[in-house]
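I have placed the structure first, in the form of structure tokens, so that the comments after it can refer back to it.
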Amino acid sequence: RFLEKPSSSEIFSDTVNTGTYILEPEVLEYLPANIECDFSKDLFPLLLAKDEPMYGYIAQGYWCDVGHLDAYREAQYDALDRKVNLDFAYKEVSHELWVGQNTYIDQTAVIETPAVIGDNCRIGARVQIEAGTVIGDNVTIGADASLKRPIVWNGAFIGEEAHLSACVISRGTRIDRRAHVLEAAVVGSLSTVGEEAQISPGVRVWPSKKIESGAVLNINLIWGNTAQRNLFGQRGVQGLANIDITPEFAVKLGSAYGSTLKPGSKVTVSRDQRNVSRMVTRSLIAGLMSVGIDIQNLDATAIPIARTVIPTMSVAGGIHVRVHPDRPDYILIEFMDAKGINISKALEKKIEGAYFKEDMRRALIHEIGDVSYPSQVMERYCTAFEKLLHVHTLRNSRAKVVIDYVYAVSGAVLPQMLDKFGADAVVLNASVNKTAMSITDREGLLTQLGHVVEALKANFGVQVSANGEQLILVDESGYPIRGEMLTALMVDMILTANPRGTVVVPVHASSAIEQVARRHDGRVIRTKANPTALMEACQKNPNVVLGGSGETGFIFPQLHPGFDSMFCIAKIIEMLTIQERSLAAARSELPRVIHKTYTVRCPWTAKGALMRYLVETHPAQNLELIDGVKICQPYDDSWLLVLPDASEPLVHLYANSNDREWVDETVRNYRTRVQTFVERQQEYQPAEV
């Protein structure tokens, strides 16, 4: 008899058909033409019924059907245990340890046997390799990684402190620092598992997928390209240009955003002047059109101009694409609502939901969106700009300003506006460079700007960045004013012009802001450390005359809800003229506050526990919990802020006081406390979890 896949009650023999056959050609005549036919179910029972000669060979060796993943892993382990008579491709360098040619193993690595390590591998310091581990050719394993019986295919990269447990890592896959891949999980070829991400037991990741840093993957990743914690970071959607943010990604993102809007809605799309931004923008437009959204294409436009015109255009919102202000290899995509403010977290979640679930509608042919190019965009901005300035004062100022555009200009409206007001604007580096400037290059240009300001005896210089949002000032002596000093300077000048006004700053800005505000009977509102929170607070609170910081840029709520370096420059000229002082003089009058920052690594899983620990170990009356945990001294402006990073496995420490010794000691103390807490968390957390 021949019985295919019998149930337990039907088993009549201890032999099994392995699917290795030798057939005479005439056997094929029993197979009917053009009809699906199975050897085991159809052909062999038929041959037996017709009494054709049919023989079986009972093999005595090892046999295993590796048709499912558990059996595949078991076969590997059986081979290592010599249950299978195999010729290993590598030399047995010691008992049951096979190592290929040109492989380097650090002397501090600990390897239990049996194990196989292929050709051209690099095994780092203190790596732990348990018995049963199989490593292919050209594999790199970083220091302190832990390998507990994984099967690692050729060309894989395993990062420092990564943890692999009885899993399969396929060809060319990258497992980043401190990532965990747990029992029976399989990661397909050419995939990437980000820092501190975790793939849960039994989960399968199809080839060429990306698991974002810190993500916990509990279900199989089959469709789409990425498993992420979320799509949106601290501000908008960001990633490596043409690697993370590709045309395919942008089309899908545009479709997801458009699917959260009503069919027939209008959206503005704008960008900086980089080619990569043009590419991404066109892909976003295609995605939006595919779900029935009409486009108002503002093309290459400074982001303050886009924010100004959005409320005048009857649109549901806007998108702006640019090279990231702080990372020249990154693209930043920001989404704005109908008022020009960055969209809420709730709407971000809706877009993420549509993106990850691929829950996008498809417009019929006659419903496909349209693209139009609105006119007089610059004129609308200039009109709004002019209304909020004392034009007569500017005309009398005869100011000379040097503006450095850092080879990244979009909508260079400022020189024309200043010229109209009788000010003299000297422009540097206004052409567009195809490659974005690095931080080092920008620092070099800032030094150059200082020399030009001194040589021309200009009132001040300014380096404009972030497509019209951010700036660094240079006073008449060539001294750069940025960061906390720039924030305090702007607050001082604005409150001098608007006593008893309200200013909005992020939670980590220095206490110089409160000291300046007390001079002018002003009010300070602190917000979460993200741009959207600053924008929303400036719109919600009455009598706000300034928002933002030197780090993000400055908001003038009467003009538009976003950051605007162009209007800021004109306003500085106006205020210096009215207040009859120079930038250097204004700088010299600022409070002397010590403000220090330090960054500590902290796994995603430990961030919440760290915040709870800090809250529980300090008196409630000394705490502010606007964002992170701020620990305040009761009788002065001294404080320490522990702020988790929104997009990296880090926490930032900010210490602030008039006393330098207190700042240094507090940073040392809390740096040690945070590091000790994180280490304990990792000790107590079982490696398998």
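Nothing fancy with the numbering, it's 1 onward along the sequence. Computed from a predicted model, the values in this text were never measured in an experiment.
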Next item on the list: For K630 and V507, indicate whether the former's side chain and the latter's backbone hold a donor-acceptor pair under 3.5 Å.
Entry: yes

Checklist line | salt bridge (Lys or Arg N to Asp or Glu O under 4.0 Å) partner of E196, the single match among R178, R177, K607 | finding: R178

Next item on the list: Go through the steps for T577 and H390 under the test side chain to side chain contact (heavy atoms under 4.5 Å, CB included), then give the verdict.
Entry: CA-CA 11 Å; T577 305; H390 295 98; over 6 Å; no

Note to self: Any side-chain to backbone donor/acceptor pair from T552 onto G548? Under 3.5 Å, distance only.
What the structure shows: no

Margin query: Would you say CZ of R500 has more than 12 non-hydrogen atoms from neighbouring residues, nucleotides or ligands within 6.0 angstrom?
Written below: no

Notebook entry, point to check: To the nearest 0.5 Å, what is the distance between OG1 (T527) and CD1 (I626)?
Noted result: 8.0 Å

Item checked: Residue E580 excluded, over 12 heavy atoms near CD under 6.0 Å -> no

Next item on the list: For the pair Q558 (side chain) and V544 (backbone), establish whether a donor and an acceptor sit closer than 3.5 Å, ignoring hydrogens and angles.
Entry: yes

Checklist line | Side-chain donor or acceptor of N669 paired with backbone N/O of E665 under 3.5 Å | finding: no

Item checked: E469/R322 ion pair, N-O < 4.0 Å -> yes

Note to self: With a 4.5 Å cut-off on side-chain heavy atoms, are V464 and V406 touching?
What the structure shows: no

Notebook entry, point to check: Nearest 0.5 Å, what's the CD1-OG1 distance between I578 and T393?
Noted result: 4.0 Å

Notebook entry, point to check: Run the side chain to side chain contact (heavy atoms under 4.5 Å, CB included) check on I351 and I343 step by step: do they pass?
Noted result: CA-CA 11 Å; I351 296 169; I343 60 172; 3.7 Å; yes

Notebook entry, point to check: Which of these, E195, E648, Q675, sits in a side chain to side chain donor-acceptor pair (under 3.5 Å) with R601?
Noted result: E195

Check: H520 and D492: side-chain donor and acceptor closer than 3.5 Å?
Finding: yes

Next item on the list: To the nearest 0.5 Å, tell me how far H451 NE2 sits from E454 CD.
Entry: 7.5 Å

Notebook entry, point to check: Are side-chain heavy atoms of Q463 and R482 found at a separation under 4.5 Å?
Noted result: no

Next item on the list: State, with a plain yes or no, whether a side-chain heavy atom of T597 is found less than 4.5 Å away from one of E484.
Entry: no

Next item on the list: Indicate yes or no for a side-chain donor-acceptor contact from D475 to the backbone of L583 under 3.5 Å, with no hydrogens or angles considered.
Entry: no

Margin query: Pairing donors with acceptors under 3.5 angstrom, does anything connect the side chains of S638 and D636?
Written below: yes

Note to self: For a 4.5 angstrom cut-off between non-hydrogen side-chain atoms, does L640 reach Y654?
What the structure shows: no

Checklist line | Steps toward side chain to side chain contact (heavy atoms under 4.5 Å, CB included) verdict (M378, Q416) | finding: CA-CA 11 Å; M378 197 83 82; Q416 297 96 296; over 6 Å; no

Note to self: side chain to side chain contact (heavy atoms under 4.5 Å, CB included), that's the test. Do M566 and I305 meet it? Break it down for me.
What the structure shows: CA-CA 10 Å; M566 299 182 290; I305 298 174; 4.2 Å; yes

Next item on the list: Measure from the side-chain N and O atoms of S511 to the backbone N and O of E514, and report whether any donor-acceptor pair falls under 3.5 Å.
Entry: no

Notebook entry, point to check: Does some side-chain heavy atom of F460 sit less than 4.5 Å from a side-chain heavy atom of V453?
Noted result: no

Notebook entry, point to check: Quick check: does any side chain N or O of D564 sit under 3.5 Å from a backbone N or O of F567, one acting as donor and the other as acceptor?
Noted result: yes

Check: Which value, rounded to the nearest 0.5 Å, describes the distance between L489 atom CG and L473 atom CG?
Finding: 6.5 Å

Check: Do the non-hydrogen side-chain atoms of M490 and M493 ever get within less than 4.5 Å of each other?
Finding: yes

Check: Of the non-hydrogen atoms in R526 and A509, which two are nearest, and what is the gap between them?
Finding: NH1-O, 2.7 Å

Next item on the list: Looking only at non-hydrogen atoms, find the nearest pair between A338 and I310 and report the distance.
Entry: O-CG2, 3.4 Å

Check: Side chain of H324, backbone of D326: donor and acceptor closer than 3.5 Å?
Finding: yes

Margin query: Between H652 (side chain only) and L641 (backbone N and O only), is there a donor and an acceptor less than 3.5 Å apart?
Written below: no

Note to self: On a heavy-atom basis, which atom in Q273 and which in A300 lie closest, and how many Å separate them?
What the structure shows: CG-CB, 3.5 Å

Notebook entry, point to check: Which distance, rounded to the nearest 0.5 Å, do you find between the CD1 of I403 and the CG of N429?
Noted result: 12.0 Å

Next item on the list: Measure across R592 and R587 and return the closest heavy-atom pair with its distance rounded to 0.1 Å.
Entry: NH1-O, 4.0 Å

Next item on the list: Could you label the plane-to-plane angle of the Y381 and H560 rings as parallel, tilted or perpendicular, counting under 30° as parallel and over 60° as perpendicular?
Entry: tilted

Check: Closest heavy-atom contact between I594 and V663?
Finding: O-CG2, 3.8 Å

Next item on the list: Kindly give the heavy-atom pair with the smallest separation between I331 and A241, and that separation in Å.
Entry: CG1-CB, 3.7 Å

Checklist line | D176 side-chain N/O to S213 backbone N/O, donor-acceptor pair under 3.5 Å | finding: no

Item checked: Y670 six-ring centre to R673 NZ/CZ under 6.0 Å and within 45° of normal -> yes

Margin query: For K345, I'd like to know if atom NZ has over 12 heavy atoms of other residues, nucleotides or ligands within 6.0 Å.
Written below: yes

Check: Under a 4.5 Å cut-off applied to non-hydrogen side-chain atoms, are V237 and I245 in contact?
Finding: yes

Note to self: Does atom OH (Y479) have a neighbourhood of more than 12 heavy atoms from anything else shown, all under 6.0 Å?
What the structure shows: no

Check: If you measure only the distance, is there a donor-acceptor pair under 3.5 Å linking the side chains of R442 and S465?
Finding: no

Check: Does any donor atom in the side chain of N459 or R398 lie under 3.5 Å from an acceptor atom in the other side chain?
Finding: no

Checklist line | F554 side chain near I494 side chain, heavy-atom distance below 4.5 Å | finding: no

Notebook entry, point to check: Once you round to the nearest 0.5 Å, how far does CD1 of I572 lie from CG of L471?
Noted result: 6.0 Å

